[in-house]
2 protein chains.
Amino acid sequence: MAVNLDEAVNLDDIDWAIIGQLQQEARISLSELGRRVKLSSSATTERVRNLESLGVITGYHAVVDLAKVGYPVLAIVRLKYPGNRHQPLRRLLAERQEILECLRTTGDDCYTLKVAARSMEHLETLVDELAGFGSTTTNVVYSQTLAYRGPGHP
Amino acid sequence: MAVNLDEAVNLDDIDWAIIGQLQQEARISLSELGRRVKLSSSATTERVRNLESLGVITGYHAVVDLAKVGYPVLAIVRLKYPGNRHQPLRRLLAERQEILECLRTTGDDCYTLKVAARSMEHLETLVDELAGFGSTTTNVVYSQTLAYRGPGHP
DNA sequence: CCTGAAAATGTGACCGC
DNA sequence: GCGGTCACATTTTCAGG
């Protein structure tokens with residue numbers, strides 16, 4: 001079964017309903033999901049498996065309260081990365097679990113990272129490590145003003 | 001049952017193992033999870049329910065390939081928001097599902113948003129809407145250089 | 001996409017450490 | 001408190017239509 005890696009997939013209303021439900025509550029049973037989207041559990045299962053193998057759904061993840069697990073400091077670090085030797089940075093990303101997300105973008109600051117730290121001191125050491133690669137701009141996050149969400153049915 | 005909203009929770013190795021597994025694969029069965037952390041399914045269930053009610057685990061979410069569902073453009077928009085009338089912005093965030101994330105931070109740009117768009121034109125209209133609130137800086141994302149991950153056991 | 005039966009899992013009461 | 005065992009309800013899976 002060939003998987004198209006680039007283009008959009010055609011999704012009908014039921015697919016969108018399934019995606020919407022699983023984006024909000026990924027651990028509901030397939031039968032409960034079927035009830036919500038008005039499909040039998042076997043049809044629902046097949047739809048979900050299909051969305052997974054098409055790569056539409058890429059995974060299911062528990063989300064954790066960072067403060068409660070001992071990472072009360074969240075920051076956004078932008079990194080201006082001169083040159084194109086990206087390998088060492090990749091290595092750091094793989095090693096440091098405190099780096100939660102790394103986006104490569106247009107603009108002066110090539111990378112934007114989301115970093116969780118156990119304290120301001122900890123954040124300082126993390127930023128120092130990143131500063132070894134280029135100049136950094138750090139902003140500490142006060143609050144996340146939006147509950148989790150994904151894209152919706154256009 | 002009172003829930004402490006501020007402080008960190010004491011987690012043992014098994015709790016961390018459970019969190020680690022569910023961060024990676026949130027839809028595994030509780031018995032499978034029990035097998036992986038070497039606990040019976042009922043003990044595992046109790047641990048998971050406890051982590052949920054303590055607010056350590058805040059939810060389970062399916063993650064979707066944005067391009068495959070028709071949002072091939074991802075951007076980071078920083079918003080310099082003068083004054084303190086945050087209500088109208090909240091309203092926009094609630095309405096526009098294209099805004100996936102909104103962090104309020106220290107620094108000149110008070111808000112950092114992650115925005116998904118169906119096209120560059122669509123992104124333009126979204127940024128225009130945001131520009132109604134203050135000056136914006138937009139960076140388009142080339143790639144996400146890190147698989148999903150959460151905080152790890154210190 | 002549905003039904004239906006067998007296997008696996010979820011749930012909760014109860015016991016032992 | 002914390003985890004294991006057991007019985008019963010629900011869900012998952014897969015054949016067949």
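In the text below, chain A, chain B and the rest are named by the order of the sequence lines, each starting its count at 1. All of these numbers come straight from a predicted model, not from anything done at the bench.
Atom pair B:Arg49:CZ and D:dG3:C1' shows a separation of 16 Å (rounding to whole Å applied). One interatomic measurement links the two molecules: CD of A:Glu46 to C1' of D:dT11, which rounds to 18 Å at whole-angstrom precision. If you take CG of B:Asn10 and C1' of D:dG1, they are 15 Å apart, rounded to a whole angstrom.
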Provide a list of protein-nucleic acid N or O atom pairs under 3.5 angstrom, restricted to nucleotides 15-17 of chain D.
none

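Between B:Arg49 and B:Glu52, at least one side-chain nitrogen of the basic residue sits less than 4.0 Å from a carboxylate oxygen of the acidic one, meeting the salt-bridge criterion. The pair A:Glu25-A:Arg36 counts as a salt bridge, with a side-chain nitrogen and a carboxylate oxygen less than 4.0 angstrom apart.
Of the possible donor and acceptor atoms, none in the side chain of B:Tyr148 sits under 3.5 Å from a partner among the backbone N and O of A:Tyr60. Within the 3.5 Å criterion, the main-chain N or O of A:Ile28 finds a donor-acceptor partner in the side chain of B:Arg27.
Note that the first and last nucleotides of DNA chain C, 5' to 3', having any atom under 4.0 angstrom from a heavy atom of chain B are C:dT9 to C:dG12.
With sequence neighbours left out, A:Tyr142 forms a ring pair (Phe, Tyr, Trp, His ring centres under 6.0 Å) with no residue at all.
Counting heavy-atom neighbours within 6.0 Å of B:Gln21 CD, excluding the residue itself, gives a total above 12. Remark: A:Gln144 CD is packed, more than 12 non-hydrogen atoms of other residues, nucleotides or ligands lying under 6.0 Å away.
Applying side chain to side chain contact (heavy atoms under 4.5 Å, CB included) to A:Leu51 and the options A:Thr58, A:Asp15, A:Leu22, A:Val9 leaves one that passes, A:Asp15.
Membership of the apolar cluster around A:Leu89 extends to A:Val73, A:Val77, A:Leu79, A:Tyr81, A:Leu92, A:Leu93, A:Ile99, A:Tyr111, A:Leu113, A:Val115, A:Met120, A:Leu123, A:Leu126, A:Val127, A:Leu130, A:Phe133, A:Val140, B:Leu146, as traced through chained side-chain contacts below 4.5 Å between ILVMFWY residues.
Within a heavy-atom distance below 4.0 Å of DNA chain C, the residues of residues 20-40 of chain B found are B:Ser29, B:Leu30, B:Ser31, B:Arg35.
The list of ring pair (Phe, Tyr, Trp, His ring centres under 6.0 Å) pairs with a residue in residues 11-35 of chain B, not counting sequence neighbours, reads B:Trp16-B:His153.
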